[in-house]
Participant: 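Got a structure here, written out as structure tokens. Questions coming.
Chain A is the first sequence line, chain B the second, and so forth, proteins listed ahead of strands; every chain is numbered from 1.
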Number of protein chains: 2
Amino acid sequence: MMSAEQGAFRALADPTRRQILMHLGSSDMTIAQVSDHFDMTRGAVRKHLTILEEGNLISVHPKGRERINRLAPEGIRAAADWLNYFNRFWDEKLSALQSAIENEQRNESEKQP
Amino acid sequence: MMSAEQGAFRALADPTRRQILMHLGSSDMTIAQVSDHFDMTRGAVRKHLTILEEGNLISVHPKGRERINRLAPEGIRAAADWLNYFNRFWDEKLSALQSAIENEQRNESEKQP
DNA sequence: TAAATATGACACCAAATGGTAATATGTCAA
DNA sequence: TTGACATATTACCATTTGGTGTCATATTTA
């Protein structure tokens, strides 16, 4: 199939889809409501929503003849967790640099007793 | 041009590029060193590195006939910040839910004085 | 200087992507 | 029950993407 990150990152790559997520942050929406915010056909918007669902960035809830689209945490978490690995990486680099500077200063002060 | 997020998310969408980032987490590498880890031509790897650079996920440092590729924080930050907006969103929802539960319990206890 | 090495620059190809339009299906409401 | 409405399905199109191969250029190094 597709790893959790792959589905999420693939979905996040398109600016329209990221805008859809922002809109769904305000409230859940039907396909028609989402496509009101965009200058493209409902068909195109629906395709984007399908890809967002595949990435677990939204969940879809059929209700009568409508289809409610709702923001979902899972995919966002998957992507955020992946990125967080690198933030940890830089934090460590930064603290290593700080230790080095502190040692430098300690050595400097020892030179003039 | 391209917004900071767009470049970063576009670059992150491809699994090969995400793997490259992981490899560069271990150490800086030339194009040849990066492509040693993949079953594809140097040309293909170079294209991926270009897209990573455009997304500010790596910085490139020419050194003689070599080209050193190094992990860069900017793009990762841009993407992580964007995703973080939604994490904040859910944290608020969750705490609102908890408050609701607490109020519910308080109201319950008031029923039997 | 000549050969080996690392990369750059193209042209090309198949498949995926983002969009359209037309038509069909299911559901609500007068 | 008959429209009207929301969505589903399908076929089609242009562009982008991820890959290849070939040849050129620049830099070491024997």
Participant: In whole Å, I'd like the distance from the CG atom of L49(A) to the P atom of dT9(D).
Facilitator: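 Rounding to the nearest Å, CG of L49(A) and P of dT9(D) are 14 Å apart.
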
Participant: Give me the residues of residues 54-62 of chain A where at least one heavy atom lies under 4.0 Å from an atom of DNA chain D, by number, or none.
Facilitator: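 Of all residues in residues 54-62 of chain A, none places a heavy atom under 4.0 Å from DNA chain D.
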
Participant: Given dG8(C), is OP1 or OP2 found less than 4.0 Å from the side-chain N or O atoms of R46(B)?
Facilitator: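 Yes.
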
Participant: Name the nucleic acid region contacted by A44(B), choosing base, sugar-phosphate or nothing; use a 4.0 angstrom heavy-atom cut-off, strictly under.
Facilitator: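 Base, at least one base heavy atom under 4.0 Å.
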
Participant: How long is the line joining CD of Q33(B) and C1' of dT5(C), in whole Å?
Facilitator: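 Distance check: Q33(B) CD to dT5(C) C1' gives 13 Å.
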
Participant: Taking the side chain of M40(B) as heavy atoms from C-beta outward, which of dG19(D), dT20(C), dG18(D) is closest to it?
Facilitator: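 That would be dG19(D).
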
Participant: Using whole Å, what does the distance between atom P of nucleotide dA6(C) and atom CE of M29(B) come to?
Facilitator: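 Between P of dA6(C) and CE of M29(B): 15 Å.
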
Participant: Is the phosphate of dT20(D), meaning OP1 or OP2, less than 4.0 Å from a side-chain N or O of R42(B)?
Facilitator: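 No, R42(B) has no side-chain N/O under 4.0 Å of OP1/OP2 on dT20(D).
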
Participant: Ignoring hydrogens and geometry, is there a side-chain-to-backbone donor-acceptor pair from R17(A) to L12(A) under 3.5 Å?
Facilitator: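 No; zero donor-acceptor contacts below 3.5 Å.
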
Participant: Could you state the atom-to-atom distance from CD of Q6(A) to C1' of dA16(C) in whole Å?
Facilitator: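 Going from CD in Q6(A) over to C1' in dA16(C) covers 13 Å.
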
Participant: Give the rounded distance in Å between these two atoms: NZ of K47(A) and P of dT17(C).
Facilitator: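 My rounded result for the distance is 11 Å.
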
Participant: Does a side-chain N or O from H48(A) land closer than 4.0 Å to OP1 or OP2 of dT17(C), or not?
Facilitator: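 It does not, given that no N or O in the side chain of H48(A) lies less than 4.0 Å from OP1 or OP2 of dT17(C).
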
Participant: Between N56(B) and R77(B), is there a side-chain donor-acceptor contact under 3.5 Å, judged purely by atom types and distance?
Facilitator: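 No, no side-chain donor-acceptor contact under 3.5 Å.
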
Participant: Taking CG from D14(A) and P from dA16(C), how many angstroms apart are they, rounded to a whole number?
Facilitator: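 My rounded result for the distance is 18 Å.
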
Participant: Whether the H48(B) and T50(B) side chains hold a donor-acceptor pair (N or O, under 3.5 Å, no angle test) is what I'd like checked.
Facilitator: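 Absent: no donor and acceptor within the cut-off.
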
Participant: So L24(B) and M29(B), do their side chains get closer than 4.5 Å, heavy atoms only?
Facilitator: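 Result yes, sub-4.5 Å side-chain heavy-atom pair found.
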
Participant: Which nucleotide in the list dT7(C), dG19(C), dG18(D) gets nearest to the side chain of R67(B)?
Facilitator: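 Of dT7(C), dG19(C), dG18(D), dT7(C) is nearest to the side chain of R67(B).
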
Participant: So, does the side chain of R65(B) form a donor-acceptor pair with the base of dT5(C) at under 3.5 Å?
Facilitator: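 Pair found.
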
Participant: Expressed as a whole number of angstroms, how long is the span from L52(A):CG to dT17(C):P?
Facilitator: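 So the two atoms are 14 Å apart, to the nearest Å.
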
Participant: Using OP1 and OP2 only, check whether a side-chain N or O of T41(B) sits under 4.0 Å from dT20(D).
Facilitator: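 The answer is yes; a side-chain N or O of T41(B) sits under 4.0 Å from OP1 or OP2.
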
Participant: Rounding to an integer number of Å, can you tell me how far K63(A) NZ sits from dC28(C) P?
Facilitator: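 To the nearest whole Å, that distance equals 11 Å.
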
Participant: Measure up the F86(A) and F89(A) rings against each other and bin them: parallel (under 30°), tilted (30 to 60°), perpendicular (over 60°).
Facilitator: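 F86(A) and F89(A): perpendicular rings.
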
Participant: Which pairs count as side chain to side chain donor-acceptor pair (under 3.5 Å) when at least one residue sits in residues 20-29 of chain B, sequence neighbours excluded?
Facilitator: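 Every side chain to side chain donor-acceptor pair (under 3.5 Å) pair that includes a residue of residues 20-29 of chain B, provided the two are not neighbours, is D28(B)-R70(B).
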
Participant: Going by atom types only, do S35(B) and H37(B) share a side-chain donor-acceptor pair under 3.5 Å?
Facilitator: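 No, H37(B) and S35(B) have no side-chain donor paired with an acceptor closer than 3.5 Å.
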
Participant: Please determine, for the side chain of T16(A), which listed nucleotide (dT7(C), dA8(D), dG19(C)) has the closest atom?
Facilitator: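 Out of dT7(C), dA8(D), dG19(C), the nucleotide with an atom closest to T16(A)'s side chain is dG19(C).
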
Participant: Return yes if some donor-acceptor pair links the side-chain N/O of E66(A) with the main-chain N/O of K63(A) below 3.5 Å, else return no.
Facilitator: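 Pair absent, no side-chain N/O of E66(A) close to backbone of K63(A).
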
Participant: With nearest nucleotides of DNA chain C determined for G64(A) and R10(A) from heavy-atom distances, which residue corresponds to the more 5′ nucleotide?
Facilitator: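 Its nucleotide being nearer the 5' end, the pick is R10(A).
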
